[in-house]
Protein chains: 2
Amino acid sequence: MKNTLRMTHQREVILDELGKATSHPTADSLYERVKKRLPRISLATVYRNLEILSEVGLIRKLEISGRQKRFDWDLEQHDHIYCVQCYRVDNIEIKRDHKFSLPTEHERGYEIKGCRVEFFGICPQCQKKNARSEKKKGAKKMACKPKSCKSGGGCKTGSLSERQREVLAALANCKKSCGSKDIAEVTSLEPKQISCQITALKKKGFVDSPERCKYEITQAGKKALA
Amino acid sequence: MKNTLRMTHQREVILDELGKATSHPTADSLYERVKKRLPRISLATVYRNLEILSEVGLIRKLEISGRQKRFDWDLEQHDHIYCVQCYRVDNIEIKRDHKFSLPTEHERGYEIKGCRVEFFGICPQCQKKNARSEKKKGAKKMACKPKSCKSGGGCKTGSLSERQREVLAALANCKKSCGSKDIAEVTSLEPKQISCQITALKKKGFVDSPERCKYEITQAGKKALA
DNA sequence: TTTTTTGCAAAGAATTTGCAGCGCG
DNA sequence: CGCGCTGCAAATTCTTTGCAAAAAA
């Protein structure tokens, strides 16, 4: 029984590509880069190695923002900022004062291992994207009280909301039917919000779904857009 | 077109159960509780409602620790601490000083929306569990340099490591074949670590896998344990 | 009635695993 | 030449979706 870690070629390439990356790639995007150098490598290998390398301490695994894990080649203590819209992650350096190296000590009996500070916001690119579509934040849905819910706070939308119009326009520009991810890329909306709009648009007959999770604009939709 | 949020019975029960919860439940565990009151409710409904309620601002969605999302009934500004072993999440209150309401300003052009502080460590229960099994941290694998990797740092294990013994013992107590999750519950190891041990144990012929992801101890395994 | 919600089943994304064979040490 | 590692496919886990029926307003 040896149980010794080996430095294989794929391992080395993964490390190297991670080192070269300026951002904090996901396993998946790292896989894409590595595949250019090692076409036969499998995604599973990338996952396995990222996991192993981070256990061993050669790289850092970031568990940020509840989405895909991201990996960081830089082991030094630093914090991150991420974009709530596109989920890119950047480094920030803030001098952490002792004051929150340990909050107080009545920490519910936890044996504290560390602390992470994350800022979030909108990255430059998304800001630009949003400016382009001129409509950063659509009206949120109305709030609603647990018990009665007869609050009169209105929440009506016209027969073709701004969001719907945007999604519809995006679909009009698609040659073929496309998924909500494709739409997300050309609008300011998140995939989740898009699917709501699509549901509404389908009801109105402006959008059709030739296949699960694929949508296209109908003739009626084109007319409505005009 | 109304587009008004309705307070349905299931919505109300979900909110109520979340309010009663002392921890920060996952969608899944909340579903289990709600199901006791509304046996016909579906998991999809729970997910849908948690999403909607958090959009609307009645609850808070926590994106912590890269695992399942968790939900918080308490909307007030507070931070969290979570257990790196079992992933439970508790509240903490630290007075945040202005100093990191905005780190500096050269924040790479981000339009900053907020900041989150998370502590992590080992929760009291897991500490106890670890003490019981008397072996908090097994030897981590050896480190390994990118290029050469001929560092002699040893990392050998005997023919039946402590971990393997523990897993084997857990399997011995199982009446039927069981998955790694079941084993995780009665040992101090995480599922991921367990599967490594199982792989090793299978090679030695101490464990058999009658079905994918189901394991049981063999006669040889029982003998080895003794 | 009209619009929103639900339950269900099936799809989806991200990640992990079993396995047999390859290849490093 | 044995153990660790890889590729591949299939499985797992968590979450979302389409749709028709049911429930609110």
Side-chain angles (χ1 to χ4, degrees), chain A residues 1-14 26-29 31 35 38-52 61 66-70 141 144 148-150 152 155-157 179-181 191-192 194-196 198-200 202-204 209 211-215, chain B residues 1-12 14 26-29 31 35 38-52 61 66-70 141-142 144 148-150 152 155-157 179-181 191-192 194-196 198-200 202-204 209 211-215:
Chain A
M1 294 254 87
K2 293 286 159 42
N3 209 351
T4 314
L5 222 44
R6 289 176 189 170
M7 183 49 60
T8 59
H9 192 37
Q10 20 282 83
R11 197 108 91 194
E12 200 157 338
V13 173
I14 290 170
T26 59
D28 188 76
S29 74
Y31 168 62
K35 204 163 55 170
L38 304 173
R40 289 186 46 75
I41 200 174
S42 97
L43 179 57
T45 300
V46 174
Y47 271 106
R48 256 182 303 226
N49 278 309
L50 288 173
E51 189 59 39
I52 290 172
K61 178 161 62 168
R67 307 276 285 203
Q68 285 150 277
K69 287 170 191 143
R70 288 173 176 272
K141 276 194 196 139
C144 159
S148 57
C149 196
K150 41 187 143 187
C155 191
K156 326 249 169 179
T157 21
S180 52
K181 256 194 167 175
K192 224 173 291 167
I194 287 166
S195 62
C196 294
I198 287 183
T199 303
K202 281 202 301 189
K203 270 188 190 163
K204 293 177 187 171
S209 176
E211 185 190 340
R212 204 166 219 283
C213 301
K214 293 288 173 191
Y215 315 99
Chain B
M1 297 257 91
K2 292 289 159 39
N3 209 351
T4 314
L5 222 43
R6 288 176 188 173
M7 185 47 61
T8 60
H9 192 37
Q10 21 281 81
R11 199 108 91 194
E12 200 157 339
I14 289 170
T26 59
D28 188 77
S29 75
Y31 167 63
K35 202 160 58 168
L38 305 173
R40 289 185 48 75
I41 200 172
S42 96
L43 178 57
T45 301
V46 174
Y47 270 107
R48 258 182 304 228
N49 277 309
L50 289 172
E51 188 59 40
I52 290 172
K61 179 161 59 170
R67 308 278 284 207
Q68 284 150 279
K69 286 171 192 142
R70 288 173 176 270
K141 277 192 195 139
M142 61 163 279
C144 159
S148 58
C149 196
K150 43 189 146 188
C155 192
K156 326 245 170 181
T157 21
S180 52
K181 255 193 165 176
K192 220 173 295 168
I194 287 165
S195 62
C196 294
I198 287 183
T199 303
K202 281 201 302 190
K203 271 187 191 164
K204 294 178 188 171
S209 176
E211 186 190 338
R212 203 168 220 284
C213 301
K214 294 287 173 192
Y215 315 99

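Just so you know, these numbers use all the heavy atoms, side chains as well, and skip hydrogens, waters and symmetry mates. Throughout, protein chains are lettered first and strands after them, A, B, ... in sequence-line order, and every chain is numbered starting at 1.
Between M7(A) atom CE and dC24(C) atom P the separation is 13 Å, expressed in whole Å. Q68(A) has its CD atom 10 Å from the C1' atom of dT15(C), to the nearest Å. What separates CG of L43(A) from P of dT16(C) is a distance of 10 Å, to the nearest Å. In this structure, the CG atom of L50(A) is 10 Å from the P atom of dT15(C), given to the nearest Å. Remark: P of dA25(D) and CD of E12(B) are 10 Å apart, rounded to the nearest angstrom. One can place CG of L5(A) at 10 Å from C1' of dC5(D), the figure rounded to the nearest angstrom.
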| query | Under the side-chain contact (heavy atoms from CB on, under 4.5 Å) criterion, do R11(B) and I52(B) qualify, and how do the steps go? | reply | CA-CA 10 Å; R11(B) 199 108 91 194; I52(B) 290 172; 3.9 Å; yes
| Should T45(B) and L38(B) be marked as a side-chain contact (heavy atoms from CB on, under 4.5 Å) after you check the CA-CA gap, both sets of side-chain angles, and the distance that decides it? | CA-CA 11 Å; T45(B) 301; L38(B) 305 173; over 6 Å; no
| field | Stepwise side-chain contact (heavy atoms from CB on, under 4.5 Å) check, I14(B) with I41(B) | value | CA-CA 10 Å; I14(B) 289 170; I41(B) 200 172; 4.3 Å; yes
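Judged by distance alone with a 3.5 Å cut-off, a donor-acceptor contact links the side chain of R6(A) to the base of dC24(C).
Taking every side-chain heavy atom of K69(B) into account, dT15(D) is the closest of dT15(D), dG2(D), dA24(D).
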Please enumerate all protein N or O atoms sitting under 3.5 Å from an N or O of nucleotides 6-8 of chain C, with distances to 0.1 Å.
unit_1 : atom_1 : unit_2 : atom_2 : d
dT6(C) : OP1    : T8(B)  : OG1    : 2.9
dT6(C) : OP1    : N49(B) : ND2    : 3.3
dT6(C) : OP2    : N49(B) : ND2    : 3.4
dT6(C) : O3'    : Q10(B) : NE2    : 3.0
dG7(C) : OP1    : Q10(B) : NE2    : 3.0
dG7(C) : OP2    : S42(B) : N      : 3.1
dG7(C) : OP2    : T45(B) : OG1    : 2.7
dG7(C) : O5'    : R40(B) : O      : 3.1
dG7(C) : N7     : R48(B) : NH2    : 2.9
dG7(C) : O6     : R48(B) : NH1    : 3.3

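For the side-chain hydrogen bond (donor to acceptor under 3.5 Å, both in side chains) test, no residue two or more places apart in sequence or in another chain qualifies with R48(A).
Scanning both residues, Y31(A) and V46(A), for their nearest heavy atoms gives CD1-CG2, 3.8 Å.
In this structure, Y47(A) does not reach the dT16(C) phosphate: none of its side-chain N or O atoms is under 4.0 Å from OP1 or OP2.
Where the helix from dT1(C)-dA25(D) to dG25(C)-dC1(D) starts and where it ends, the local axes point in directions that differ by 40°; five pairs per end, rounded to 10°.
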